[in-house]
**Q** 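Let me begin by handing over the structure; questions about it come next.
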Amino acid sequence: MMINVEQLAKLVGDLEEEQAVQMAEAFVVQNPSKEEVEAVVAACQGGMETVGVRFGTGEYFIGDLIYSGELLARIMSILKPLMVANNTSKTGTIVLGTVKGDLHDIGKNIFRGMAEAAGFVVHDIGFDQPASAFVEKVREVKPDIVGMSALLTLALDGVRDTVKALKDAGVRDSVKLIAGGNPITPEFCKQTGIDAYGGNAANGIKTCLAWVKK
Amino acid sequence: MSEYQKALYTRTLFDDAIGMKKEPDRVPVMSNAFTWPIVISKYKLSEVLRDYDKLFEIWYGFARDYYHDSLFDFGWRNPMRIRDVLGISGDYVFNDEEGTINHIEKHCLEVDEYDEFIADPRRFMMEKFFPRRMTNLAGSRLNAKNTFVAGMNEFAALGQYIGKLAGAVAELGVLLAGGGYLTYFDIWIHNFRGLKGTLTDLRRIPDKVQAAWEKYAPMYEFAAYDLPFRYSPPPPIPPSIDIALPLIGSGLLSRVQFGRFVWPQIKQVADKATVDGKTIMIFAEGNVEHLYEYFLQLPKGVACIQFEKDDIRKAKAILGKHCCIIGGISLELLNSGTKEQCIEETKRLVDDLAPGGGYIFSEAAMMAFKTDGRPENVRAVTEYVRMNGKY
């Protein structure tokens with residue numbers, strides 16, 4: 001292996017951006033194999049898992065999660081040409097959006113960054129999205145998972161409407177549903193027929209990974 | 001009692017709670033209502049925030065019909081007429097049907113412009129920041145001058161509205177909270193670099209961020225502290241607390257980042273306020289439990305802290321001998337509980353938190369939406385504290 005993957009995972013987990021980027025840049029110019037690229041992506045995923053664990057234990061804060069997303073996006077942009085060229089395998093597909101009535105997207109973007117790091121193809125439809133936009137995208141890309149984000153308490157109606165629209169369109173049972181954001185609670189998810197409560201982004205990713213590995 | 005005597009009595013309640021030298025006569029009640037009184041009224045949110053007569057009607061009615069001793073927001077937080085005139089309203093998205101405002105982030109400083117800002121911050125502000133942030137200032141010098149004059153007139157109109165409201169609610173024994181002062185961190189998030197940009201800059205280029213804030217500080221300190229709190233005559237009706245200091249994004253930071261980038265400014269303003277005999281209300285959004293070690297360094301008896309997501313009993317236990325605690329009743333209970341349940345919870349809060357003083361009762365989070373409380377519940381809990389929160 002042309003790169004110390006354990007060291008890369010540690011650098012990502014420690015949020016040591018410059019050193020991690022230098023390693024990735026040195027790696028891509030060495031014409032690595034598909035397996036080596038996958039091992040490097042897995043190392044980044046491992047680093048992000050560390051970020052999630054440290055967030056859970058209170059060592060990291062939301063600001064660190066947001067920054068980790070930026071760090072990861074930078075490394076992924078370096079690796080992306082190799083991933084495309086080598087047709088690196090994908091974990092699963094997620095349709096993601098902030099529901100209607102809510103223009104907040106930071107939580108959604110953290111989740112997207114971590115999901116992409118975990119190997120998911122994420123179709124991010126943006127914020128303030130009506131239920132019909134979720135349905136349309138689900139029909140188009142046939143994802144494994146639909147993620148709904150909401151920050152405002154009033155946007156809970158948008159989440160309910162989205163779940164109902166997916167049911168009405170007959171696509172509800174073809175996907176797993178997850179929701180996250182400040183007003184979302186496990187009770188709300190249960191009442192609304194959502195499969196999982198996202199909690200924080202790191203926990204949400206764990207749930208999604210468990211679903212696609214089954 | 002005259003209007004002024006009533007105002008002084010209410011001010012004394014807050015001073016005693018914050019000063020912590022003696023228990024106040026009773027537990028003061030601070031409102032945490034923001035747009036809630038507007039969205040439960042017959043008017044549209046976008047309409048009221050642009051009409052001082054309607055704002056007066058709403059906030060005077062709120063002061064009269066509920067039992068708070070002080071209003072924290074009363075229309076200052078979203079001064080739409082000033083924003084419209086200056087051209088900074090484009091980042092507000094109103095939904096009058098739902099009664100919401102969404103804010104769209106706007107950057108006025110690009111990451112590669114830090115050096116330019118640090119080299120000459122005044123020039124950057126005049127030539128780049130203001131035309132970007134206040135788009136109506138862009139264009140010809142004449143246009144900029146006319147926009148500036150119109151903006152000043154709107155500031156004066158806001159001042160007149162606040163003066164009128166302060167006098168009217170003082171007759172009810174209700175005071176308005178004092179002027180706002182922001183941390184550079186929050187100013188950066190809201191006006192310069194956005195949330196993601198600011199948080200990323202703190203990691204990638206911390207020295208440049210710090211250098212930029214050091215250059216920005218003299219301008220801001222003069223405009224936001226010295227001018228209103230040192231060089232201006234005191235308002236005819238005293239505020240409940242002198243300086244409102246929101247900590248909007250600090251809960252996102254680690255204690256190390258907070259200690260380096262935010263805390264020195266708060267400590268400095270608290271020290272200045274102590275010298276000037278002013279009181280400060282820190283309005284902490286999110287959970288800030290990891291920052292208590294800093295709050296314990298505040299000068300004793302100068303500040304009160306409003307908590308949103310912290311365990312308020314734990315906050316009182318840790319900080320209670322040092323600074324006054326504000327908060328308590330959850331919006332979920334105010335919205336979905338019965339009147340009796342709300343009163344029972346209020347009794348528990350007062351029984352646990354009031355002994356020894358240093359406690360101000362309030363709703364536990366900003367009341368912004370229709371579902372943030374039922375009017376009869378909000379009335380019942382504030383009335384309970386006023387009648388039963390006596391020492």
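All of these numbers come straight from a predicted model, not from anything done at the bench. Each chain gets a letter, A, B and so on, in the order its sequence line appears, and its residues count up from 1.
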**Q** When you compare the side chain of B/R203 with that of A/L71, does any pair of heavy atoms fall below 4.5 Å?
**A**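 Contact flag for A/L71/B/R203 side chains = no.
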
**Q** Should the heavy atoms of other residues, nucleotides or ligands under 6.0 Å from CD of A/E6 be counted, would the total exceed 12?
**A**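 Count not over threshold, so no.
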
**Q** Side chain, backbone, both or neither: which part of A/D128 has a heavy atom under 4.5 Å from chain B?
**A**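 When you check distances to chain B, no heavy atom of A/D128 falls under 4.5 Å.
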
**Q** When you look at NZ of A/K206, are more than 12 heavy atoms from neighbouring residues, nucleotides or ligands closer to it than 6.0 Å?
**A**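 Counting neighbours around NZ of A/K206, 12 or fewer heavy atoms of other residues, nucleotides or ligands fall under 6.0 Å, so no.
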
**Q** How long is the gap from CD1 on A/I66 to OG1 on B/T200, to the nearest 0.5 Å?
**A**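 So the gap between those two atoms works out to 8.0 Å.
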
**Q** Is it the case that more than 12 heavy atoms not belonging to A/K10 sit under 6.0 Å from its NZ atom?
**A**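 At most 12 heavy atoms, drawn from other residues, nucleotides or ligands, come within 6.0 Å of this atom.
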
**Q** Considering all heavy atoms of both residues, which atom of B/F369 and which atom of A/L152 are nearest to each other, and what is their separation?
**A**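 In this case the closest contact between B/F369 and A/L152 is CZ-CD2, 3.5 Å.
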
**Q** Counting heavy-atom pairs under 4.5 Å with chain A, which one of B/R204, B/K370, B/H103 comes out on top?
**A**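 Of the candidates given, the most pairs with chain A belong to B/R204.
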
**Q** Is the CD atom of B/E289 crowded by more than 12 outside heavy atoms at less than 6.0 Å?
**A**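 More than 12 heavy atoms, drawn from other residues, nucleotides or ligands, come within 6.0 Å of this atom.
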
**Q** When rounded to the nearest 0.5 angstrom, what distance separates NZ in A/K100 from CG in B/N95?
**A**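 Reported to 0.5 Å precision, the distance equals 7.0 Å.
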
**Q** Can you tell if the side chain of B/L253 reaches within under 4.5 Å of the side chain of A/F61, non-hydrogen atoms only?
**A**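 When only atoms from C-beta onward are counted, A/F61 and B/L253 do not touch, as no gap falls below 4.5 Å.
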
**Q** At a 4.5 Å cut-off on heavy atoms, which part of B/E105 comes close to chain A: side chain, backbone, both, or neither?
**A**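 Contact with chain A is through the side chain of B/E105 alone.
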
**Q** Decide side-chain hydrogen bond (donor to acceptor under 3.5 Å, both in side chains) for B/K309 and A/N182; before the verdict, give the C-alpha distance in whole Å, the side-chain angles of both, and the deciding distance to 0.1 Å.
**A** CA-CA 11 Å; B/K309 293 202 167 172; A/N182 195 41; 2.3 Å; yes

**Q** Does any backbone or side-chain atom of B/T100 lie under 4.5 Å from a heavy atom of chain A? Answer side chain, backbone, both or neither.
**A**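 Just its side chain gets close to chain A.
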
**Q** What distance separates B/K196 NZ from A/D105 CG, expressed to the nearest 0.5 Å?
**A**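 If I round to the nearest 0.5 Å, the distance is 7.5 Å.
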
**Q** Measuring from atom CD of B/E332 to atom OG1 of A/T185, what distance do you get when rounded to the nearest 0.5 angstrom?
**A**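 It comes to 9.5 Å.
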
**Q** Side chain, backbone, both or neither: which part of B/L202 has a heavy atom under 4.5 Å from chain A?
**A**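 It is neither, since no heavy atom gets under 4.5 Å.
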
**Q** Would you mind checking which part of B/S254 comes under 4.5 Å of any heavy atom in chain A, side chain (CB onward), backbone (N, CA, C, O), both or neither?
**A**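 Its backbone and side chain both get close to chain A.
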
**Q** Chain B heavy atoms under 4.5 Å from A/E70: which part of the residue, side chain, backbone, both or neither?
**A**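 Its backbone and side chain both get close to chain B.
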
